[in-house]
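Note that the structure is a prediction, hence the values are computed from the model and not measured. Labels below follow one simple rule: chain letters A, B, ... track the order of the sequence lines, proteins then strands, and each chain is numbered from 1.
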Protein chains: 2
Amino acid sequence: MPFDPSTLRYNEAGLIPAIAQDRTGAVLMMAWMNAEAVARTLETGRVTYWSRSRQEFWIKGETSGHVQTLVEMRVDCDRDCLLMVVDQQGPACHTNRRSCFYTAIRDREEVVIMAPMA
Amino acid sequence: MPFDPSTLRYNEAGLIPAIAQDRTGAVLMMAWMNAEAVARTLETGRVTYWSRSRQEFWIKGETSGHVQTLVEMRVDCDRDCLLMVVDQQGPACHTNRRSCFYTAIRDREEVVIMAPMA
């Protein structure tokens, strides 16, 4: 079946959550896409989100150089969430860490488990 | 720093997306939690979502037996998304597949890449 981004289920703002995971299995980040961002990501191979704060397309790495190249896009059973397998250049997080999920809850305490990349 | 679920950033419905990943790195599903679901998940070690369709707590596996046991909860840099490392008994997906992300986009076509579990 040919894939049509308009068949995904978007929220009231027209957005769908998109999880980025690298080939090692590490979950790097979660951000949002609209239908046009989904289409652009597939067409260009450059992962493109919709920035809710700036209200504009956000080609990941365009300013930072920390590019995400799409390996494969996957759709979940409810068609309301995307998983993107990506090749991530450098850190995915704005804190310069590989992943945005660098804080763990251990023994009811917040613990930073990942250092910024050199 | 002691972790307080009320310090997370919830959407206008009081919900935060929660990604479940098993120890092999496979992303199993994404669902939603409210602050009480976050607290219950940490207290009980049984991953507990908020069902938006049923408007009730959803202790994963309570009816299906496909329990998710929490290994570690992680918080992202913006405090608006959770990653849960879990031990998943059986399939995470209601289609009986290990993961909800069983459809890939390959050459612009939707392709089912995972069979239901026996």
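- Listed by first then second residue, pairs satisfying side-chain hydrogen bond (donor to acceptor under 3.5 Å, both in side chains) with a partner in residues 108-118 of chain B read A:Arg79-B:Glu110, not counting sequence neighbours.
- The contact between A:Cys93 and chain B is made entirely by side chain atoms (from C-beta outward), counting heavy-atom distances below 4.5 Å.
- Looking at B:Arg97, there are no atoms closer than 4.5 Å to chain A (heavy atoms on both sides), in backbone or side chain.
- With a 4.5 Å cut-off on non-hydrogen atoms, B:Ile105 touches chain A through its backbone and its side chain both.
- For A:Leu83, the parts sitting under 4.5 Å from any heavy atom of chain B are the backbone and the side chain alike.
- Contact annotation for A:Ile113: only side-chain heavy atoms (C-beta onward) come within less than 4.5 Å of a heavy atom of chain B.
- At least one side-chain heavy atom of A:Leu15 sits under 4.5 Å from a side-chain heavy atom of A:Arg52.
- Using a 4.5 Å cut-off between heavy atoms, A:Arg23 does not touch chain B at all.
- Side-chain contact between B:Leu28 and B:Arg98 is present, with at least one heavy-atom pair separated by less than 4.5 Å.
- For chain A, the nearby part of B:Asp78 is the side chain; its heavy atoms alone come within less than 4.5 Å.
- Counting heavy atoms from C-beta on, the side chains of A:Leu82 and A:Thr41 never come closer than 4.5 Å.
- If you measure heavy-atom distances from A:Pro17 to chain B, the contacts under 4.5 Å come from the side chain alone.
- Proximity to chain A at a heavy-atom threshold of 4.5 Å picks out nothing from residues 57-70 of chain B.
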